[in-house]
Amino acid sequence: MPSLNDIRSTFLDYFGRNQHQIVASSPLVPRNDPTLMFTAAGMVQFKNLFTGVEHRDYTRATTAQKCVRAGGKHNDLDNVGYTARHHTFFEMLGNFSFGDYFKEDAIPFAWDLLTKDFGIDASRLLVTVYHTDDEAVEIWKKHAGLSDDRIIRIASDDNFWSAGPTGPCGPCTEIFYDHGDHIPGGPPGSPDEDGDRFIEIWNLVFMQYEQMEDGTRRDLPNKSIDTGMGLERIGALLQGKHDNYDTDLFRALIEASANATNTDPDGPGNVHHRVIADHLRSTSFLMADGVLPSNEGRGYVLRRIMRRAMRHAHLLGAKDPVMHRLVPALVTQMGQPYPELGRAQSMIQETLLSEETRFRQTLERGLRLLDDELGNLPEDASLPGAAAFKLYDTFGFPLDLTQDALREKGRGVDVAGFDAAMAEQKAKARAAWSGSGETADASIWFDLAEKHGVTEFLGYETEQAEGQILALVQDQCVVDSAAAGQTVQIIVNQTPFYAESGGQVGDTGTLKTADGTARITDTRKSADVFIHIAEVTEGTLRKGAGATLTVDHDRRALIRANHSATHLLNEALREVLGDHVAQRGSLNAPDRLRFDFSHTKGLTLEELAQVETRVNAFIRQNDAVSTRIMTPDDARALGAQALFGEKYGDEVRVVSMGRADTGKGTSGDTWSVELCGGTHVSRTGDIGLFVTLGDSASSAGVRRIEALTGAAALEYLMAQDRRLAETALALKSSPGDVPDRLRALLDERKSLQNEVAQLRRDLAMAGGAGQAEQPGAETINGIPFLAQSLSGVTGKDLPGLIDAHKARLGSGAVLLIADAGGKVAVAAGVTDDLTDRISAVDLVRVAVAPMGGKGGGGRPDMAQGGARDAAGAADAIEAAKTLLKG
Ligand code: SER
């Protein structure tokens, strides 16, 4: 019985033998179609070859294409687990012709592979054709010998394929397999065609039109072929199974799921295992292609799939995270044809583990809330939108997870209500939002690329070059000239200007022609056309003119040093932190570099120091930086670090630097090997110096290091050093002694503070700051009275002092006024034997008044109050005496 891996190889080998180029699957995130969320068919990477916008050096190709149908236009998520043939991730086997062969070859290719190489019983096969396609009918009869009753004409869109509302399209013929009359279902086009007896296995599209935006259809420049056969379906068929999930590959994943959860693979939990097996594939492959879980866009679709799988693991009774434990089984099954999976394995496992750990914290509570809500509803009622929104917002339940949970109970969700709640929340957030607004139509650049060819980049070797102005673009329109004061986008046939990509910013500089000069403020690229964004500073620029292009040298030199340092940093991080470190983004600007990488914890000072030491060691080594062009496979064999999800052409540029004898080597003698299109220093010594500004969190599971090189690094270190020298001077110490001296000073300060507090208390008892002796009491109206105005004492100290004075007097009244920096605290005390004659509260009240205070409170024996102006202290004492006089 052939395995799915065997079947994939047989398919590719068959078409390879028939002069097709075996092309690697493109990433799941399409690079050439901004309307698609994920690659959902084999033809996506070839779209521009069909329309003739792009040309490659082959006209026949075959692929096993990774596809995801979850989110966006193509979405099978809801059905996964419950049906025999739905997947969020699947592989599409296909053969393609770009103006080479057409139907008369495509049909025999397919028929022969199925009936000869795969050995499928021809009598089980039947086909559909588009109702007007007599040609296809004739070929089927002639080549396959099919009788009329096994060639079914279909008038609907089912037999006219298009990728979307615009783009290449054409009639198609589909091949069906009849599983036999023991399974219910009718042939295609019959009323019970949805039954399971006749299963579509292969779709051959005869690409011959392009659907235009205005609704018209134009003929493609060349008639072409696009076919698609799901590997999982043909696999099931060739393994004698009716259900894709019973094939060898899925069986291995289901068993891994059963082992990890200690459950029966075929017991009542089978549906959960199926969901988990499917979602393990889509989530792992998406992450391997650079998608990370997030709360929007592709990242949110990924998170939704993950959480759905995690709920099913929970339903299996799993107490701990499960998904990350299944990744090795997936890598065993699929790591050979898709090496990106193995390369990303540790990152995938880490991400799954942290996502599942996090989601488990709210999963159970959310499910409880869901049960409570359902308990309060009448039988069969849908869950109100507000409850679904709360589950989403507070418990992290994506809507489809809630729907999936309700599905088992035969209930639905009020989706309109959910949407309304969501819209309300978004409306609130929108006020703060400001979009980039930059969604200009890229077709103009494809047009220019087609007309003039792509821009040749000379900037690896030179910073100045001659070029010819091929086009001038203003506001998405091609113009013939641009005059001084105008902004214009300039396209030339060759340029030394680097266009922003791979984290490296675009170059700036000047462009001069005989009649005019422009300042280039940025360089971008689209469809490999370099777009020089320019302001015309003098004269007029004209299409067709020869121009001298000069890159701002100093700025470029700084960018180069930062970019090369980024490569060294990447390798140093992997060495210090581990192989899970993968680049997640970078910025190579003139003034600094920034590097984002997968790692869950903040770096310790020790780790940062190790990283800096390693990078600087390789800078001092001053090794020559080498760049080579090779196939992606050779580059990977060399151990090259590639950006996940980046689409690389047939040839890639490999940048290597550093001799590994300084430490661990990643491949042979070279320390850092990366696929990179950027510009680099010629020797590592040109970087000069490297210093990090510390690390921070960039997003979940991603850290960010910012760093400086060369003169900027030196300036930074010197500024730090200057500050240290100034500190040492102030401390009357030497820089080396600063930490010890500072620690000693801090200790000393602490004990002095304690001492001061104690002294202040003692002093106040002794009569207050500035009083030479113990104050005496005078007797007024037979009452011994002691009044004092103190400084350097706070209101807090007063009650203790009052008590002490009362004890000393034995019998009498005390009034204390404390001037504590802008605030005046007043306290009075009366010994118990006198409280029936005089109240401390009254004493305070009369005393605060001359000092701008009011009120006061307490008991007859002890009262406190506040005032503003200590200048009235003498009047306050007088007022108290007047009161005592009665
Ligand atoms: N593009 C067609 C499909 O996806 C054939 O590959 O079915």
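These figures come from a predicted structure and were not determined experimentally. Counting starts at 1 for both ligands and their atoms, following the listed order.
Given atom 7 (O) of ligand 1, the protein heavy atom at minimum distance is Asn203 ND2, 3.1 Å. Protein heavy atom closest to atom 6 (O) of ligand 1, with residue, atom name and distance, is Asp226 OD1, 2.7 Å.
Heavy-atom proximity to Met92, at under 4.0 Å, picks out these atoms of ligand 1: 3 (C), 4 (O). Against a heavy-atom cut-off of under 4.0 Å, Gly228 is close to the following atoms of ligand 1: 5 (C), 6 (O). For ligand 1, the atoms sitting less than 4.0 Å from at least one non-hydrogen atom of Ala41 are 4 (O), numbered in the order shown with element in parentheses. Those atoms of ligand 1 that come under 4.0 Å of a heavy atom in Met43, given as number and element, are 1 (N). Of all atoms in ligand 1, numbered sequentially from 1 with element shown, those under 4.0 Å from a heavy atom of Val205 are 2 (C), 5 (C).
The closest donor-acceptor contact from the side chain of Asn5 to the backbone of Gln333 lies under 3.5 Å. With Thr88 contributing its side chain and His279 its backbone, the two residues share no donor-acceptor pair below 3.5 Å. Of the possible donor and acceptor atoms, one in the side chain of His55 sits under 3.5 Å from a partner among the backbone N and O of Gly52. Side-chain N or O atoms of Arg233 include one that pairs as donor or acceptor with a backbone N or O of Glu200 at under 3.5 Å.
Counting only N and O atoms by type, the side chains of Tyr101 and Asn18 include no donor and acceptor under 3.5 Å apart. Of the N and O atoms on the side chains of Asp121 and Ser123, at least one donor lies less than 3.5 Å from an acceptor on the other residue.
Neither the backbone nor the side chain of Leu204 comes within contact range of ligand 1; no heavy atom lies under 4.0 Å.
Relative to the six-membered ring of Tyr82, Arg407 meets both conditions, a distance below 6.0 Å and an angle of at most 45° to the axis.
Of the candidates Phe96, Phe46, Trp161, Trp161 brings a heavy atom nearest to atom 3 (C) of ligand 1.
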